Visitor: 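Take a look at this one; I'll ask things after.
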Amino acid sequence: QVQLVESGGGLVQAGGSLRLSCAASGRTFSSYAVGWFRQAPGKEREFVAAINWSGGFTYYADSVKGRFTISRDNAKNTVYLQMNSLKPEDTAVYFCAAGSDYARPADFGSWGQGTQVTVSS
């Protein structure tokens with residue numbers, strides 16, 4: 001089992017950037033795919049991006065493609081989400097989760113507690 005803790009959220013103006021971190025505990029972290037998800041007020045949680053165990057494969061939601069970049073550093077047990085050109089509609093609580101297949105984010109678990117991202121217009 002892996003435990004995940006998100007950080008890096010905050011308040012930013014539209015067009016700005018933030019980098020989120022997902023720090024993991026557990027020696028098997030490098031064997032897991034990791035994904036980022038978000039949930040805006042009154043909306044269902046949605047998939048944002050995922051990365052496979054080695055970092056060689058990534059998968060993005062259409063809404064963030066070209067603006068967000070997911071990466072990982074297995075030596076630091078951390079996955080990152082670089083968010084550029086932020087829009088007010090990106091405002092949400094962002095969560096990370098782990099799974100066995102980066103292309104199957106619906107199967108991810110071990111959710112972190114989330115970090116708030118607020119984009120002002």
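Just so it is clear, the model here is predicted, and its values are computed rather than measured.
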Visitor: Is there a donor-acceptor pair under 3.5 Å between the side chain of Asn74 and the backbone N or O of Trp53?
Guide: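 Checking the backbone N and O of Trp53 against the side chain of Asn74, a donor-acceptor pair under 3.5 Å is found.
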
Visitor: Is it the case that Arg19 places NZ or CZ above or below the six-membered ring of Tyr80, under 6.0 angstrom from the centre and within 45 degrees of the axis?
Guide: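 Arg19 over Tyr80 ring: yes.
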
Visitor: How would you list all residue pairs meeting salt bridge (charged side-chain N to carboxylate O under 4.0 Å, His left out) that involve residues 105-121, not counting sequence neighbours?
Guide: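 For residues 105-121: Arg104-Asp107.
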
Visitor: Any disulfide (SG to SG under 2.5 Å) involving residues 22-121? Give me the pairs, sequence neighbours left out, ordered by first then second residue.
Guide: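 Passing the test, one end in residues 22-121: Cys22-Cys96.
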
Visitor: Is the side chain of Ser21 donor-acceptor paired with the backbone N or O of Ala23 at a distance under 3.5 Å, no angle test?
Guide: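 Flag not set: sc Ser21 to bb Ala23 has no pair under 3.5 Å.
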
Visitor: Within a strict 4.5 Å, meaning less than it, do heavy atoms of the Arg38 and Asp90 side chains meet?
Guide: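 In contact.
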
Visitor: Are Gln113 and Val5 close enough that some pair of their side-chain heavy atoms sits under 4.5 Å apart?
Guide: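 Answer yes - side chains close enough.
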
Visitor: Sub-3.5 Å donor-acceptor pair from the side chain of Ser85 to the main-chain atoms of Gly15, do we have one?
Guide: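 Absent.
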
Visitor: Could you go step by step and tell me if Ile51 and Tyr102 meet the side chain to side chain contact (heavy atoms under 4.5 Å, CB included) rule?
Guide: CA-CA 6 Å; Ile51 190 166; Tyr102 80 103; 5.9 Å; no

Visitor: Who passes ring pair (Phe, Tyr, Trp, His ring centres under 6.0 Å) against Phe47, sequence neighbours left out?
Guide: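 Applying ring pair (Phe, Tyr, Trp, His ring centres under 6.0 Å) to Phe47 gives Phe37, Tyr59.
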
Visitor: Are Arg45 and Trp111 in a cation-pi contact, defined as NZ or CZ under 6.0 Å from the six-membered ring centre and within 45° of the axis?
Guide: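 The answer is yes; both the distance and angle limits are met.
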
Visitor: Are any of the side-chain heavy atoms of Leu4 and Phe95 separated by less than 4.5 Å?
Guide: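 Sidechains of Phe95 and Leu4: no contact.
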
Visitor: Can you tell me if Lys43 has over 12 outside heavy atoms packed within less than 6.0 Å of its NZ?
Guide: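 No, the 6.0 Å shell around NZ holds no more than 12 heavy atoms from other groups.
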
Visitor: Side chains of Thr115 and Ser7: does their closest heavy-atom pair fall under 4.5 Å?
Guide: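 No, too far: nothing below the 4.5 Å cut-off.
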
Visitor: Of the non-hydrogen atoms in Ala49 and Leu81, which two are nearest, and what is the gap between them?
Guide: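 Distance-wise, the nearest heavy atoms are CB-CD1, 4.2 Å.
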
Visitor: Quick one: closest heavy-atom pair of Lys65 and Tyr60, and the distance?
Guide: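 For Lys65 versus Tyr60, the nearest heavy atoms are CE-O, 3.7 Å.
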
Visitor: Evaluate side chain to side chain contact (heavy atoms under 4.5 Å, CB included) for Ser17 paired with Gln82, printing each intermediate quantity in order.
Guide: CA-CA 7 Å; Ser17 298; Gln82 178 67 42; 3.9 Å; yes

Visitor: Out of curiosity, Phe29 CZ to Arg72 CZ, how far, rounded to the nearest 0.5 Å?
Guide: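 The distance works out to 4.0 Å.
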
Visitor: Please tell me if the side chains of Val117 and Leu18 come closer than 4.5 Å, counting only heavy atoms from C-beta onward.
Guide: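 Result yes, sub-4.5 Å side-chain heavy-atom pair found.
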
Visitor: Are Ile70 and Val79 close enough that some pair of their side-chain heavy atoms sits under 4.5 Å apart?
Guide: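 Yes; the side chains approach each other to less than 4.5 Å.
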
Visitor: Grab the two heavy atoms, one from Leu11 and one from Ser120, that are nearest each other, plus how far apart they are.
Guide: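 What the structure gives for the nearest pair is CD1-CB, 4.4 Å.
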
Visitor: Show your working on side chain to side chain contact (heavy atoms under 4.5 Å, CB included) between Tyr94 and Met83 and close with a plain yes or no.
Guide: CA-CA 12 Å; Tyr94 283 70; Met83 306 187 295; 3.9 Å; yes

Visitor: If you take all heavy atoms of Gly35 and Phe108, which pair is closest and at what distance?
Guide: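 Of all heavy-atom pairs spanning Gly35 and Phe108, the closest is N-CE2, 3.2 Å.
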
Visitor: Quick one: pull up NZ in Lys87 and OG in Ser121 and give me the separation to the nearest 0.5 Å.
Guide: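 It comes to 14.0 Å.
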
Visitor: Considering all heavy atoms of both residues, which atom of Ala33 and which atom of Ser100 are nearest to each other, and what is their separation?
Guide: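 Minimum heavy-atom separation between Ala33 and Ser100: CB-C, 4.4 Å.
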
Visitor: Between Val12 and Leu20, is there a shared hydrophobic cluster once you connect ILVMFWY residues whose side-chain heavy atoms come closer than 4.5 Å?
Guide: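 Cluster IDs for Val12 and Leu20 match.
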
Visitor: If you take all heavy atoms of Thr91 and Val119, which pair is closest and at what distance?
Guide: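 Where Thr91 meets Val119 most closely, the heavy atoms are OG1-N, 2.9 Å.
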
Visitor: Hey, does Ser110 have a side-chain heavy atom less than 4.5 Å from the side chain of Gln3?
Guide: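 Contact flag for Gln3/Ser110 side chains = no.
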
Visitor: Would you say the side-chain atoms of Glu44 pair up with the backbone N or O of Gln39, donor to acceptor, closer than 3.5 Å?
Guide: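 Checked: no pair found.
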
Visitor: Show, in sequence, the C-alpha distance, side-chain angles and deciding distance for Thr78 and Asp73, and conclude whether the side chain to side chain donor-acceptor pair (under 3.5 Å) test is met.
Guide: CA-CA 5 Å; Thr78 303; Asp73 185 339; over 6 Å; no

Visitor: Is any side-chain heavy atom of Asn84 less than 4.5 Å from a side-chain heavy atom of Phe68?
Guide: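 Sidechains of Phe68 and Asn84: no contact.
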
